[in-house]
Amino acid sequence: MDRLGEIRKVVSAELVAFQQEYTATMQGGTGWLQDCLDFLTKKQGKQIRPLLTLLSAKACSGHVVTPQTVQCAVFLEILHTASLVHDDVIDGTRRRRGNPTLNVAFDNRLAVLTGDYLLSSIVSRAADLDDRRIVRVLAGLGRDLAEGEVAELELADNGTINEAVYMQVIRKKTASLLSACAELGSLSGGGTESERETLRDFGKHLGYCFQIRDDIFDYYDAEIGKPTGHDLLEGKITLPLLFALSQGASAEIDTARHIILSKDFTEENVKSLIDFAKRAGGITYAEQVMDEHFRAANNLLGTLPPSPAAQALKKLSAYLVVRNH
Ligand code: FPP
Ligand code: MG
């Protein structure tokens with residue numbers, strides 16, 4: 001069994017319930033809208049986020065996954081899907097996970113409206129659960145994602161080269177989502193206040209690991225369903241290059257800065273920026289930062305009561321750090 005398969009086993013029945021609830025929630029539209037929902041339902045990913053929500057509920061002292069937990073996992077997966085649908089419109093992305101994106105299979109108008117519909121549907125369903133805390137986490141997450149996305153566009157446009165600002169963006173854009181998954185797992189599973197805080201922070205550190213790993217992929221040719229150097233082509237300067245640019249002064253740094261500030265992202269220039277970041281130790285540095293967050297995440301897990309679910313969360317964090325796609 002693969003590593004993810006072993007982790008899934010710990011919540012296998014709950015994942016079946018998740019899948020049923022997810023499929024049912026993606027029904028209810030009519031005509032073109034339902035065509036778009038069906039298209040998205042067929043293109044599900046590895047279900048990392050539902051796994052995180054279900055395992056977080058089970059890792060709390062009550063060790064239960066409630067019907068609310070399954071609902072929260074569905075809300076978060078759908079909010080994530082809606083954000084990617086919108087992101088693909090913003091980035092003009094044509095392929096995701098090896099398949100055409102919704103904006104290509106249909107068009108931008110339908111992609112924007114399907115994302116809007118999904119977001120509104122989950123907020124409405126969350127309101128029916130009569131727990132304001134759940135609505136608050138979901139609404140705060142939507143706001144963080146949008147703020148992170150706008151900040152990223154702004155930085156790319158300004159050619160901002162600043163590690164602290166980059167870390168703020170990935171906290172909003174990615175860490176906020178995994179943090180909300182773990183927090184809502186704990187909240188819906190009846191975790192104590194301290195378990196809820198622990199899992200929220202655990203998810204946040206996991207999110208940093210996830211995004212930094214994703215950023216590192218952009219420096220390699222691995223088949224991950226998008227071309228290498230994609231971030232740079234969009235003007236997004238991530239950790240490996242930020243590190244390389246902060247290493248004193250040199251003609252190489254001046255050239256790299258010039259390319260970034262003049263937004264001269266030709267294929268040849270992107271290749272030279274990637275080579276420069278690698279030579280200057282940018283990948284090693286990014287891996288070190290990722291490792292710090294990985295250790296922080298694992299230390300937090302160590303404070304939860306020992307259980308197969310807590311063990312599975314540990315395996316999930318290791319999987320996210322070493323994954324190769
Ligand atoms: C992927 O980033 C995108 C996100 C992590 C968040 C996108 C958020 C929004 C569009 C705003 C909020 C939307 C809603 C519905 C609340 P990426 O472009 O770096 O990654 P990629 O390579 O997978 O596209
Ligand atoms: Mg994108």
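Worth knowing before you read on, the calculation uses all heavy atoms, side chains too, and leaves out hydrogens, waters and symmetry mates. Just so you know, ligand 1 is whichever comes first in the structure, and atom 1 is the first atom listed for that ligand.
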**OP:** Answer yes or no on whether Arg8 is positioned over the face of Phe18, meaning its NZ or CZ is under 6.0 Å from the six-membered ring centre and within 45° of the axis.
**Re:** no
Original post:
Would you say Ala146 touches ligand 1, if touching means a heavy atom closer than 4.0 Å?
Top reply: yes
Subject >> Gln27 atom CD, neighbour heavy-atom count above 12 within 6.0 Å >> reply: yes
Subject >> Note: Arg96-Asp87 ion pair, threshold 4.0 Å (strictly below) >> reply: yes
Original post:
Do we get Lys43 above Phe39's six-membered ring, with its NZ or CZ under 6.0 Å from the centre and within 45° of the axis?
Top reply: yes
Original post:
Should the proximity of Lys173 to ligand 1, defined as any heavy atom under 4.0 Å, be assigned to the side chain, the backbone, both, or neither?
Top reply: both
Original post:
Do the charged groups of Lys173 and Asp214 touch, with an N to O distance under 4.0 Å?
Top reply: no
Original post:
Salt bridge or not for Lys271 and Asp275, using N-O below 4.0 Å?
Top reply: yes
**OP:** Kindly confirm or rule out an N or O of Asp87 lying under 3.5 angstrom from an N or O of ligand 1.
**Re:** yes
Subject >> 4.0 Å heavy-atom contact, Lys236 with ligand 1 >> reply: yes
**OP:** Could you tell me which N, O or S atom of Asp87 is nearest to the Mg ion (ligand 2)?
**Re:** OD2
**OP:** Quick one: look at Arg96 and ligand 1, take heavy-atom pairs under 4.0 Å, and tell me if it's side chain, backbone, both or neither.
**Re:** side chain
Original post:
Looking at ligand 1, does any of its N/O atoms fall within less than 3.5 Å of an N/O of Glu234?
Top reply: no
Original post:
Are side-chain N/O atoms of Thr160 and Asn162 paired as donor and acceptor at under 3.5 Å?
Top reply: no
**OP:** Tell me which N, O or S atom of Asp91 sits nearest to the Mg ion (ligand 2).
**Re:** OD2
Original post:
Does His86, backbone or side chain, put an N or O under 3.5 Å from an N or O of ligand 1?
Top reply: no
Subject >> Per-atom contacts, ligand 1 versus Asp91 - under 4.0 Å to a heavy atom >> reply: 18 (O)
